[in-house]
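Along the sequence shown, the residues carry numbers beginning at 1.
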Amino acid sequence: MDFAVGLARCPGTCGEWVQGARDGVPFLIDCPIDRFSEARVTLNLNTTGWDLPLNKVKALQVLELLKKNLGLPRLGGQVEFTLQLPEGKGMASSTADITAVAAAALVALGEDPVPERLAHLALQIEPSDSVMFPGITEIEHVQGHNHRFLGSTVPALFLALDWGGAIDTKVFNARPELSEHYRRQESAIKRAYQLACEGIEQGDLEKLARAGTISAQCNLEINYKSLFQPFLAWVLQKGGLGVVTAHSGTLLAGVFPQSGSVNQDVCRSLLSEAQQRFTPAYLDFFHSHSGGIVANKIEITENTG
């Protein structure tokens with residue numbers, strides 16, 4: 001076998017339901033959505049270079065890690081992204097890229113792209129979300145020691161916006177004042193964590209949204225969003241249950257029940273009013289997602305003519 005092709009898709013996130021620290025150890029609870037990074041990786045076992053978009057530096061890093069880990073120095077090929085996530089907003093674009101590329105390469109080689117393996121690879125490159133795991137997962141995203149499945153995704157609708165700019169995850173998590181911020185907010189984050197766990201276990205979106213709101217309010221101290229309070233008040237006025245934020249990104253989202261009362265006409269109306277009232281640089285609706293990757297090996301039919 002000289003060539004092998006894999007295709008893999010990984011969801012992004014609408015920020016994190018909760019992010020903070022427990023006993024000084026940073027952790028997060030991810031919030032997977034129906035937006036994806038999807039990569040097609042064509043491997044060549046007789047070359048050493050990679051052909052991929054120049055801005056996908058972290059995807060290149062994980063491919064080089066795989067070469068080393070698998071003992072395949074003469075491994076190269078091409079990476080095409082068929083779906084991409086907006087970068088720098090806090091939608092786990094880097095984690096999703098890394099995961100999709102690694103999973104596609106592994107499955108092409110006949111290896112099992114288990115979530116634990118993908119998380120280990122991602123955490124060697126930068127602090128990472130846990131979207132490679134199905135459901136909603138808690139992970140120690142900086143030290144990478146532990147992860148824990150909390151339960152199935154709770155159906156939700158997110159009205160997400162931001163006002164431009166970008167935040168680098170690695171730079172954010174290296175800020176010297178971050179540990180003191182986490183220490184000051186640890187009690188509130190503990191309360192948010194308990195609410196989130198109850199919400200996930202009970203399928204109670206209201207509790208989960210309250211947890212997200214508490215954690216988002218704590219995050220303002222280190223990642224200020226000037227229209228946070230007016231946006232939160234508007235979301236609650238419009239029948240939303242709270243907000244969720246990208247703790248190391250620019251995104252802020254209202255949490256709405258995924259029900260018949262929030263139909264397409266209502267969504268269009270909310271989008272229009274949010275655009276007029278808050279003038280965001282980015283605005284979209286997301287649905288919650290079950291999390292986890294989808295990966296397949298693509299069989300190549302050789303042309304011998």
Side-chain angles (χ1 to χ4, degrees), residues 1-13 30 32 34-85 92-137 139 141 144-149 152-153 289-305:
M1 179 192 72
D2 293 333
F3 293 91
V5 182
L7 182 70
R9 188 178 75 174
C10 180
T13 68
D30 71 338
D34 61 344
R35 295 291 186 275
F36 306 92
S37 175
E38 185 176 83
R40 177 188 172 104
V41 178
T42 303
L43 299 178
N44 184 340
L45 300 182
N46 293 311
T47 187
T48 57
W50 297 103
D51 177 12
L52 75 170
L54 290 175
N55 62 318
K56 299 297 186 180
V57 176
K58 293 165 187 173
L60 177 59
Q61 288 177 298
V62 78
L63 288 168
E64 291 298 319
L65 268 176
L66 273 176
K67 282 174 65 170
K68 183 179 178 181
N69 292 351
L70 295 171
L72 294 171
R74 291 195 57 78
L75 179 66
Q78 182 183 38
V79 178
E80 300 170 89
F81 285 91
T82 52
L83 292 173
Q84 297 187 57
L85 292 159
S93 60
S94 293
T95 300
D97 281 355
I98 290 166
T99 300
V101 167
L106 284 167
V107 78
L109 292 167
E111 300 270 339
D112 191 358
V114 294
E116 291 80 3
R117 187 175 191 177
L118 297 170
H120 178 69
L121 287 165
L123 286 161
Q124 290 180 73
I125 295 169
E126 68 171 12
S128 297
D129 285 86
S130 51
V131 287
M132 64 285 294
F133 294 96
I136 301 180
T137 311
I139 190 169
H141 61 290
H145 292 157
N146 298 296
H147 69 273
R148 186 162 78 95
F149 172 73
S152 300
T153 296
H289 184 264
S290 57
I293 60 156
V294 176
N296 296 288
K297 184 172 183 177
I298 299 174
E299 296 301 327
I300 302 173
T301 302
E302 291 191 23
N303 184 357
T304 58

Drop me the distance from [X]'s [atom1] to [Y]'s [atom2], to the nearest 0.5 angstrom.
X: Leu109; Y: Leu43; atom1: CG; atom2: CG; answer: 5.0 Å
X: Leu7; Y: Ile298; atom1: CG; atom2: CD1; answer: 4.5 Å
X: Glu64; Y: Leu75; atom1: CD; atom2: CG; answer: 8.5 Å
X: Leu60; Y: Ile98; atom1: CG; atom2: CD1; answer: 11.0 Å
X: Arg148; Y: Phe133; atom1: CZ; atom2: CZ; answer: 13.5 Å

Assess the residue pair Gln61 and Gln124 against the criterion (side-chain contact (heavy atoms from CB on, under 4.5 Å)); give the C-alpha distance rounded to whole Å, side-chain angles, the decisive distance to 0.1 Å, and a yes or no. CA-CA 10 Å; Gln61 288 177 298; Gln124 290 180 73; over 6 Å; no
Give the minimum heavy-atom separation between [X] and [Y], together with the two atoms involved.
X: Ala122; Y: Met132; answer: CB-CE, 4.3 Å
X: Ala8; Y: Ala100; answer: CB-O, 3.3 Å
X: Leu52; Y: Ala59; answer: CD1-CB, 4.0 Å

Residues that [X] engages under side-chain hydrogen bond (donor to acceptor under 3.5 Å, both in side chains), provided they are two or more places apart:
X: Thr48; answer: none
X: Gln84; answer: Lys56
X: Ser130; answer: Asp30
X: Arg9; answer: none

Is there a side-chain contact (heavy atoms from CB on, under 4.5 Å) between Phe81 and Val101 once you walk through the steps? CA-CA 9 Å; Phe81 285 91; Val101 167; 3.6 Å; yes
According to side chain to side chain donor-acceptor pair (under 3.5 Å), does anything in residues 68-77 pair up with another residue at least two apart or in another chain? List the pairs.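 Not a single pair qualifies under side chain to side chain donor-acceptor pair (under 3.5 Å).
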Close side-chain approach of Asp97 to Asn55, heavy-atom, < 4.5 Å: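 A side-chain contact under 4.5 Å is absent here.
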Summary of ring-ring contact (aromatic ring centres under 6.0 Å, His included) pairs that have at least one residue in residues 110-131, sequence neighbours excluded: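 Of all non-adjacent pairs touching residues 110-131, none passes ring-ring contact (aromatic ring centres under 6.0 Å, His included).
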Could you name each residue pair satisfying ring-ring contact (aromatic ring centres under 6.0 Å, His included) that touches residues 36-78, not counting sequence neighbours? Phe36-His289
For the pair Thr13 and Thr95, evaluate side-chain contact (heavy atoms from CB on, under 4.5 Å) and give the outcome as yes or no after the intermediate values. CA-CA 10 Å; Thr13 68; Thr95 300; over 6 Å; no
Which residue pairs pass the salt bridge (Lys or Arg N to Asp or Glu O under 4.0 Å) test with at least one member in residues 120-134, sequence neighbours excluded? Lys58-Glu126
Salt bridge (Lys or Arg N to Asp or Glu O under 4.0 Å) contacts in which one or both residues fall within residues 103-113, not counting sequence neighbours: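 Sorted pair list: Glu111-Arg117.
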Run the side-chain contact (heavy atoms from CB on, under 4.5 Å) test against [X] and tell me which residues pass, sequence neighbours left out.
X: Ala96; answer: Cys10, Ser37, Leu85
X: Leu66; answer: Leu70, Ala102, Ala105, Leu106, Leu121
X: Asn46; answer: Asp2, Asn44

Evaluate side-chain contact (heavy atoms from CB on, under 4.5 Å) for Asn146 paired with Ile139, printing each intermediate quantity in order. CA-CA 6 Å; Asn146 298 296; Ile139 190 169; over 6 Å; no
